[in-house]
Amino acid sequence: MALRLYDTKTAAIRDFEPLQPGQVSLYYCGATVQGAPHVGHIRSGVVFDILTRWLEYTGYRVTSVRNVTDVDDKILQKAAASYAPGFEPSEDYPAEEPWFALAYRFEQVFNAAYGAVGVSRPTYEPRATGHITEMHALIQRLIDAGHAYPATDDSGDVYFDVRSWQRYGELTHQSVEDMQDAPDADPRGKRDRRDFALWKGDKPDDPTTAAWDSPWGRGRPGWHLECSAMSTKYLGSTFDIHGGGLDLRFPHHENELAQSAAAGDGFARFWLHNGMVTYEGEKMSKSIGNIITPEEMHAVARPVAVRYYLGQAHYRSQLDYKPGSLPEAEAAVERIENFLNRAGADYEYTAAEVMPDAFVAAMNDDLNVPAALAVLHETVRTGNSALDAGDDDAAVRHAAAVQAMITVLGLEELRAAEPAGAAAAEEALANLVQQQLDARAEAKAAKDFDTADALRSRLAAAGIEVEDTPQGATWSLTKGGV
RNA sequence: GGUGGGGUGGCCGAAUGGCGAGGCAACGGCCUGCAAAGCCGUGUACGCGGGUUCGAUUCCCGUCCCCACCUCCA
């Protein structure tokens, strides 16, 4: 069964066939680097990372591009505020920080947060500020085609002419007439209130570093323009998949589509949108203040559990965060981990040999990760049964299958969770623990259970968990701290 | 007002016109000196009202409620 994906534009699940056989071009919206990421941003990264991994497993060569919007009104506002009298510096926002320093700093914070949960770096991460030339070319094409115009006032803005583009609204299935008027929208020199800025004229107070010369005067790019310019530059005028959060459908993606299509580009063939992360039913967002940061999650669960949690729901579903969510994910992850550690790693199966058909079918069905996880857990259970029955061949084969599945889901670090290590300190620790375990084994052999239990308690107090198995006692560091 | 997505057992979360995905939690059993891990088993789930049907959680109509977007948003 071939891959099928839900496309927002056609509002239907369609067979996915790339433009070029064997190759997939994927563009997905990254961050406007005006602040630290929250969990919602990271979910989006995980979703498109899983998509990329699945496409690659399926045999495609994937070119993925995720933009960095490193100049916009909010970035400039925050930087400007840091120079204002009475500004109170905080951990996130120090005093007197130029806009480009702020943007670059948060770009790195974002990358660290993505990396912490195993989101692979895209093929390329272009920055808006590095593509002003391409944006100018696109604006010129739109003006030439009669779909953009310089502002009628002297602002130096250039707007997209929504009324000139019949298809405007096609992505989100809205007609311009039915759209609610934005009462706070500044009509400025617009022909229609819904016209949006392609280019924003320089204002007297703007930093000189945040303005570029253009045929329409000095200024900076409008928000939506960079994605059109950069996606088509690196992926072609028509490319396979455009992704992003559900909240980007309108206006961001609608406007991107309008710009590119009106300029004559085919643009994205599939539009994928991931669901929001909510907290007690409400969308996580800075303005509401119900943010959970990646740091807060990492404080209560290991990265692999955080990743499991963020990826476990279907990507189009809303994901509601609750205090118990992460411990639950941790428990599920440990179950998988325990099986892999029991089964050992002595197998040489290729992923294709052992990947369960049901897993493939689930992933091909619009990335049905919940169903895929069901297959994963069934495999763990069957593998555990095989171990209990002494059928090591079957167990090893199941372990290989689990390994193949968790690699696709980006949970492969589960495999490396064993306590033994090459580092000298770990070796020394292993020696000490083993001495304790030997002493305990002697006590147990002598039926001196008080001593045996005391030894186990002392290890537990030191953060070391002991488990008895038919092959003797094993130990591990207590998960998630003591 | 417009557009889109939902309401599933104690919780999370899928599929499906007919045999109750999967995980977490709970309970019972096996195993174990005990524990842990593991295995087996248990639970009268589909917002409400109609309709179609031999049969509806699933399809249709109505209705209530929730969420997202309508120019800051992952």
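Quick caveat: nothing in here was measured; it's all calculated off a predicted structure. Chain letters run A, B, ... following the sequence lines, proteins first and then strands; every chain starts at 1.
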Atom CG of Asp247(A) and atom P of C72(B) are separated, to the nearest Å, by 12 Å
Can you tell me which nucleotide in G38(B), C40(B), A35(B) comes closest to the side chain of Asp468(A)? A35(B)
Donor-acceptor check, side chain of Glu254(A) to backbone of Glu170(A), threshold 3.5 angstrom: yes or no? yes
Watson-Crick or G-U wobble partner for U3(B), using a 3.5 Å limit on both distances? A68(B)
May I ask you to say what Val277(A) touches in the nucleic acid, namely base, sugar-phosphate or nothing, with a heavy-atom cut-off under 4.0 Å? base
Does OP1 or OP2 of C70(B) have a side-chain N or O of Thr172(A) closer than 4.0 Å? no
Could you please name the partner base of A26(B), counting Watson-Crick and G-U wobble pairs only when both distances are under 3.5 Å? U42(B)
Protein-nucleotide distance (Ile288(A), atom CD1; C67(B), atom C1'), rounded to Å: 11 Å
Kindly point out which of G33(B), A14(B), G4(B) is positioned nearest to the side chain of Ala313(A)? A14(B)
Taking atom P of C34(B) as reference, at what distance in whole Å does atom CG of Asp450(A) sit? 15 Å
Whole angstroms only, please: what is the CZ-C1' distance between Phe196(A) and C70(B)? 14 Å
Of the listed nucleotides G23(B), G13(B), A74(B), the one nearest the side chain of Ala332(A): G23(B)
Short side-chain N/O contact to A74(B) OP1/OP2 from Asn274(A), under 4.0 Å: no
Give a yes/no answer on whether the side chain of His41(A) brings an N or O atom under 4.0 Å of OP1 or OP2 in A74(B). yes
Ranking G4(B), A74(B), C39(B) by distance to the side chain of Ser385(A), first place goes to C39(B)
For Ser175(A), which contact category applies under a 4.0 Å heavy-atom criterion: base, sugar-phosphate, or nothing? nothing
Within the modelled atom types, does a donor on one side and an acceptor on the other bring the side chain of Arg335(A) and the base of C24(B) under 3.5 Å apart? no
Quick one: is Lys283(A) getting a side-chain N or O under 4.0 Å of the C69(B) phosphate, OP1 or OP2? yes
Mind calculating the distance between CH2 (Trp165(A)) and C1' (U71(B)) to the nearest angstrom? 20 Å
Looking only at atom P, what distance separates A14(B) and G47(B), rounded to whole Å? 14 Å
Just checking, any donor-acceptor pair under 3.5 angstrom between side chains of Trp99(A) and Asp70(A)? no
Is there a donor on the side chain of Glu328(A) or the base of G23(B) sitting less than 3.5 Å from an acceptor on the other? yes
Candidate nucleotides A15(B), U3(B), G38(B), ranked by approach to the side chain of Asn368(A) - the nearest: A15(B)
Give a yes/no answer on whether the side chain of Arg66(A) brings an N or O atom under 4.0 Å of OP1 or OP2 in A74(B). no
The side chain of Asp178(A) lies closest to which of these nucleotides: G33(B), G2(B), A37(B)? G2(B)
Glu378(A) has a side chain; which of C69(B), A21(B), C39(B) sits nearest to it? A21(B)
Any side-chain heavy atom of Arg66(A) within less than 4.5 Å of one from Thr123(A)? no
Indicate, yes or no, whether a donor-acceptor pair under 3.5 Å links the base of G38(B) to the side chain of Asn338(A). no
